[in-house]
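In each ligand, atom 1 is the first atom listed, and ligand 1 is the first ligand listed. Computed from a predicted structure; not experimentally measured. Residue numbers count from 1 along this sequence.
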Amino acid sequence: MKQFLTVGDIGDLGKAIEEAKQVKATPFAWQELGRNKTIILVFFNSSLRTRLSSQVAAQNLGMHAIVLNIDKDSWKLETEMGVVMDGDKTEHLREAIPVIGSYCDIIGVRSFARYESREFDYQETILKQFIEYSGRPVISLESATRHPCQAFADLLTIEEHKTVARPKVVMTWAPHPKALPQAVPNSFAEWMKAAPDVDFVLTCPEGYDLAPDIMEGVTLERDQKKALEGADFVYAKNWASYEHYGQILSKDRSWTVDAEHMSWTNNAKFMHCLPVRRNMIVSDEVIDGPNSLVIPEAANRVFSIQTVMKRMLEDLSRGK
Ligand code: CP
């Protein structure tokens, strides 16, 4: 595995979930794979779960992990090509990336959408430079448009907690005071579409449809109540508009998932990637209730990324 950016990079999802379950059952069984290997985790943005789960996963595999916080631990980096560097940026990504690559065996990168330009974000400009110039396998730790480690952990959580063979999984937009990226909902939708045994429904207000390629094949129900009826899993998330790129079109609190919303479901489990704004996205009662999976979902972040790291290390050990 040379890169982990989208659902297409993981191959057969059934096999990936079985492997993740095996990794979870015996997390230290592959300690030799990571011996004398190093992963550098590059963060352009803040993180709690991704940062810690990546380090724990690397440690479980016997691998050394180094975290680099861009603009905090390192020089300020220029990302645009062809510019005269007479401002506050000391180093260009064009040099920084191959230098980072020369110190490690695998690279993880977190680089969020900037919401300055849809083209810049959806071309995955930063991530592509890491793939092109590092000479190392690259794991997306959340890019401008995808969060595959999160979606993999989400699917693992659904597989572990489902009580019917083919659960109805509803992703609902919910309000938030800030413009959030589309990476999590894009990946969640992609992974749910690819999962063999899931009925996936998306509900969001007008103006919040995701990118056309993500929406393709998705059942969209504009009426949130109708969407939630019979749901086995409710996945709440905010994102800013794709159509009116990066804009907040609504803060309608009637979309906040509370006990009444959950009463419309089939005693559904509640999911959210975290961090979450309480009583904006979800009521205290729901997130603290017995059907909330937010903590086991976050715990599974270790095993999704560990499965990806394991596959990359196996390929490296085979000289691929
Ligand atoms: N869900 C998630 O990626 O959390 P962090 O932003 O804290 O890493």
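In terms of protein heavy-atom proximity, atom 4 (O) of ligand 1 is nearest to Arg49 NE, 2.9 Å. Here the heavy atom of the protein found nearest to atom 2 (C) of ligand 1 is Arg301 NH1, 3.3 Å. Taking atom 7 (O) of ligand 1 as the reference point, the nearest protein heavy-atom neighbour is Leu48 N, 2.7 Å. Given atom 6 (O) of ligand 1, the protein heavy atom at minimum distance is Arg110 NH1, 2.8 Å.
Salt-bridge formation is not detected for the pair Arg311/Glu314: no Lys NZ or Arg NE/NH1/NH2 atom is positioned less than 4.0 Å from an Asp or Glu carboxylate oxygen.
Side-chain atoms of Asn186 and Tyr122 form a donor-acceptor pair, as typed in the model, at a separation below 3.5 Å. Donor-acceptor pairing under 3.5 Å is recorded for the side chains of Lys24 and Asn300.
With a 4.0 Å heavy-atom cut-off, ligand 1 is reached by no atom of His272.
Checked by distance only, ligand 1 and Leu274 come closer than 3.5 Å through their nitrogen or oxygen atoms. Considering backbone and side-chain atoms together, Ser47 places an N or O closer than 3.5 Å to an N or O of ligand 1. An N or O contact shorter than 3.5 Å is missing between Ser46 and ligand 1 by distance. The shortest N or O to N or O distance between Arg51 and ligand 1 is not under 3.5 Å.
Checked options Arg94, Arg114, Lys89; the residue passing with Thr79 is Arg114 (criterion: side-chain hydrogen bond (donor to acceptor under 3.5 Å, both in side chains)). Put simply, the residue from Ser140, Ser111, Ser143 that forms a side-chain hydrogen bond (donor to acceptor under 3.5 Å, both in side chains) with Glu124 is Ser143.
Between atom NZ of residue Lys15 and atom CD of residue Gln22 there is a gap of 13.5 Å, rounded to the nearest 0.5 Å.
Atoms of ligand 1 lying under 4.0 Å from any heavy atom of His147, numbered from 1 in the order shown and given with element: 2 (C), 3 (O).
Inter-residue side-chain proximity for Met271 and Asp154 is flagged as met; some heavy-atom pair is nearer than 4.5 Å.
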